[in-house]
Amino acid sequence: MPEPIRSPSGIEIAPVYRDADIDYERDLGDPGEFPFTRGVQPTMYRGRLWTMRQYAGFGTAQETNRRFRLLLDAGQTGLSVAFDLPTQMGIDSDAPRAQGEVGRVGVAIDSVEDMHTLLEGIPLDKVSTSMTINATASTLLAMYIVVAEERGTPRAALSGTIQNDILKEYVARGTYIYPPAPSLALVTELFRFCAAEVPSWNPISISGYHIREAGATAVQELAFTLANTVEYVSRALAAGLRIDDFAPRLSFFFAAHNDLFEEIAKFRAARRMYARLMRERFRANDAGARLRFHTQTGGVTLAAQQPLNNVVRVTIQALSAVLGGTQSLHTNGYDEALALPTAEAATLALRTQQVLGYESGVAATADPLAGSYYVEQLTNALERDAIDLLGRVDAIGGAERAIAAGFMQEEIARSAYEQQMRVERGETVIVGVNRFGDGREPPSISTPDYSALERGQVERVRAVRASRSATAVDRALAALRDASHSYTSPAPHRSQLMPLIIDAVRARATVGEIADAFRASWSEYRPS
């Protein structure tokens, strides 16, 4: 008897599907109606296409600004900023620990002056900006706000998203600084601040993407993302926030991988799971039960061998995101397995979205695959398995305890190992890698002179320090240190940190100096 065919998540795929036996009112509903399986808007893309938001950031703020302008001129409709590792870790570019990493995997931002350069010529009241930053999220958002206000744009006019998802850093990515308790309290502080001061800004993008990139299956991506959501919402409620004040601005970030139908079903299942979770567990209204998400095509699916094949992979993945109802999309450049994407590859990736949006017809109707026997039953299967796994996290005591126990990390590591073994045995085919190879070495791509970029960035941060008022900076950082002490205990009455961070940014304190103020109170996290 032949082995059954299974999806990448291990769901057995039948040779043919018949009546899905769906209860339309309970499980689907019309687009824009609870449980939002078919989409969060009644007509979806007929009224407005998804935001085409290409992720970019490398070297200096000036270099990245040039790439932003190129993409906006090519028709991109939103910005997405990648930061280098020192910025993500709260380390200034002239610190010894930053040496060799400045500007390598994103843009180096040390002070608000760098942020001014990064956003030069970009109308912040008209462009939505996403920033992939977590441990230092509050500082980078403060810099964005100060840049806007110094240009005369009020913070209430700003729109965008700050990732600010620290739990997945402990699980899958590693750019955490502080222990979980104060880190989670800082996340909650951003919920409070954005609801009151920046109402069109999403204070978090709860990320399944990085969980998936670490080797998780689609089921694990769903379950662990929603487990982290439960933790964040519970912390916010415990801090005294009202669910309907912050839940409508929660946003999500998912990966799109190669199995077209499993990915489509995953996005549909995510909306339904989230809607029921928010209504039944947290009593959120419909506005707070709508799952809005950004999608990025799978970085780990890109191959260095025969890199033009990645154009096809990215197209399939982008199609799954659109058919699954994404609100925002980044498509990877075909050469990203070799280096940061060239301008040509980034433009082609954007054109891929534009062809889907304007030529393919997929935007003509909401949820065009609804009613497919296969898609509906696959949606149910993913939801069932993800609910089971979410229940295992709940039984441990929630996401923070599950992470501390290593549960999520071990589950993902096991899945990653099993996936790699299937590739090495040839059971999972990677075209041009383990089948249909041509024996040629991957092409080489020229890279910037990072040493020269680093020297220039070090000079800039030192010039900022030399030109500012040392007294004003010292005063602002002392206020931050004093206020941050209230975050070392579980007491619900904590100082409001965001106004103090904004004051420090205005005084030209650097990312590293602000992070050090928190380190003085909270220390750095060392996993046991």
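This chain uses plain numbering: 1 for the first residue, then up along the sequence.
- Residues D165 and Y232 bring a donor and an acceptor atom of their side chains to less than 3.5 Å of each other.
- Contact check for V187 versus P203: no side-chain heavy atoms found under the 4.5 Å cut-off.
- For the residue pair P180 and E400, the shortest heavy atom distance occurs at CB-OE2, 3.5 Å.
- Close placement of the F253 and H210 rings is indicated, their centers lying within 6.0 Å of each other.
- For the side-chain hydrogen bond (donor to acceptor under 3.5 Å, both in side chains) with S328, the lone residue among H294, R292, Q296 that qualifies is H294.
- Q409 places no side-chain N or O within 3.5 Å of a backbone atom of A404 that could act as its donor or acceptor partner.
- Expressed to the nearest 0.5 Å, how far CG of L119 lies from OG1 of T129 amounts to 6.5 Å.
- Y274 has its ring centre no less than 6.0 Å from the ring centre of F36.
- Without hydrogens or angle criteria, T295 side chain to L329 main chain gives no donor-acceptor distance under 3.5 Å.
- Side-chain contact, T87 with D84: a donor N or O sits under 3.5 Å from an acceptor N or O.
- Contact check for T326 versus F267: no side-chain heavy atoms found under the 4.5 Å cut-off.
- Remark: L308 CG is packed, more than 12 non-hydrogen atoms of other residues, nucleotides or ligands lying under 6.0 Å away.
- In this structure, the side chains of L226 and T229 come closer than 4.5 Å at one or more pairs of heavy atoms.
- Looking at T297 and R313, their side chains never come closer than 4.5 Å, going by heavy atoms from C-beta outward.
- Between R392 and E411 there is a salt bridge, with a side-chain nitrogen of the basic residue lying less than 4.0 Å from a carboxylate oxygen of the acidic one.
- Between the side chain of S234 and the backbone N or O of E231, no donor-acceptor pair lies under 3.5 Å.
- Taking both residues in full, the closest heavy atoms of N228 and A399 are given as OD1-CB, 3.4 Å, listed atom of the first, atom of the second, then distance.
- In this view, S138 and L186, L190, M498, I501 satisfy the side-chain contact (heavy atoms from CB on, under 4.5 Å) rule, not counting sequence neighbours.
- Side-chain contact of Q419 with R422: a donor-acceptor pair under 3.5 Å is absent, judged by distance alone.
- In summary, the side chains of Q306 and N309 do present a donor paired with an acceptor at a separation below 3.5 Å, with no hydrogens or angles considered.
- For R425, the CZ atom counts as densely surrounded, since its 6.0 Å shell holds more than 12 non-hydrogen atoms of other residues, nucleotides or ligands.
- Between R38 and E33 there is no salt bridge, since no side-chain N of the basic residue sits under 4.0 Å from a carboxylate O of the acidic one.
- Pairing each heavy atom of V81 with each of V107, the nearest pair is CG1-CG1, 3.9 Å.
- Taking the side chain as every heavy atom from C-beta outward, I430 and T428 approach each other to under 4.5 Å.
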Test side-chain hydrogen bond (donor to acceptor under 3.5 Å, both in side chains) applied to S207 and Q163, step by step
CA-CA 8 Å; S207 176; Q163 190 164 95; 4.6 Å; no
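- The side-chain heavy atoms of L389 and Q220, taken from C-beta on, include a pair separated by under 4.5 Å.
- For N310 (side chain) and Y334 (main-chain N/O), a donor-acceptor pair under 3.5 Å exists by modelled atom type.
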Check the pair W201 / F193 against ring pair (Phe, Tyr, Trp, His ring centres under 6.0 Å), numbers first and verdict last.
CA-CA 10 Å; W201 196 275; F193 174 79; over 10 Å; no
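- The minimum heavy-atom distance between M278 and A247, with the atom names listed, is CE-CB, 3.8 Å.
- Within a 6.0 Å radius of OH in Y24, more than 12 heavy atoms belonging to other residues, nucleotides or ligands are found.
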List the steps and the verdict of side-chain hydrogen bond (donor to acceptor under 3.5 Å, both in side chains) for S7 and D259.
CA-CA 8 Å; S7 80; D259 192 294; 5.9 Å; no
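- Put simply, CG on L71 and OG1 on T347 are 6.0 Å apart, with the number rounded to the nearest 0.5 Å.
- Within the 3.5 Å criterion, the main-chain N or O of G333 finds a donor-acceptor partner in the side chain of E336.
- The pair R279-D286 meets the salt-bridge criterion, since a charged nitrogen lies less than 4.0 angstrom from a carboxylate oxygen.
- Here the closest heavy-atom approach between residue Q377 and residue D19 is recorded as NE2-O, 3.7 Å.
- Taken to the nearest 0.5 Å, the CD atom of Q327 stands 5.5 Å off from the CE atom of M44.
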Run S200 and R249 through side-chain hydrogen bond (donor to acceptor under 3.5 Å, both in side chains) and show every step you take.
CA-CA 8 Å; S200 295; R249 298 311 304 180; 5.5 Å; no
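- From M421, atom CE reaches atom CD of E427 across 10.5 Å, with rounding to the nearest 0.5 Å.
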Determine, stepwise, if the pair T136 / Q88 fulfils side-chain hydrogen bond (donor to acceptor under 3.5 Å, both in side chains).
CA-CA 6 Å; T136 56; Q88 293 181 52; over 6 Å; no
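- The distance between the ring centers of Y170 and Y176 falls below 6.0 angstrom.
- With respect to R268 and D367, a salt bridge is recorded, a charged nitrogen being found less than 4.0 Å from a carboxylate O.
- Under a 3.5 Å cut-off, the side chain of R435 and the backbone N or O of G432 do not form any donor-acceptor pair.
- Atoms CG and OG, from L167 and S183 in turn, are 9.0 Å apart once rounded to the nearest 0.5 Å.
- N65 and R69 form a side-chain donor-acceptor contact under 3.5 Å, judged by distance and modelled atom types alone.
- In this structure, the side chain of D125 does not engage the main chain of T153 through any donor-acceptor pair within 3.5 Å.
- More than 12 heavy atoms of other shown residues, nucleotides or ligands fall within 6.0 angstrom of atom CD in E12.
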Please test Y374 against Y17 for ring pair (Phe, Tyr, Trp, His ring centres under 6.0 Å), starting from the C-alpha separation and ending with a verdict.
CA-CA 6 Å; Y374 179 33; Y17 284 83; 5.0 Å; yes
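- Considering SG of C194 and CG of D245, their distance stands at 13.0 Å, rounded to 0.5 Å.
- Between L79 and L72, the closest side-chain pair of non-hydrogen atoms falls below 4.5 Å.
- In terms of modelled atom types and a separation under 3.5 Å, the side chain of R67 and the main chain of A346 share no donor-acceptor contact.
- Between P442 and L338, some side-chain heavy-atom pair lies under the 4.5 Å cut-off.
- Distance alone, capped at 3.5 Å, is enough to place a donor-acceptor pair between the N285 side chain and the A287 backbone.
- Between the S9 side chain and the I11 main chain, no donor and acceptor come within less than 3.5 Å of each other.
- For the side-chain hydrogen bond (donor to acceptor under 3.5 Å, both in side chains) criterion with Q353, the lone passing option out of Q76, Q54, H330 is Q54.
- F293 and W50 have their aromatic ring centers separated by at least 6.0 angstrom.
- Side-chain N/O atoms of T342 and D335 include a donor and acceptor closer than 3.5 Å.
- With salt bridges taken as basic N to acidic carboxylate O contacts below 4.0 Å, one links R276 and E383.
- Taking the charged nitrogens against the carboxylate oxygens, K266 and E262 have no contact shorter than 4.0 Å, which rules out a salt bridge.
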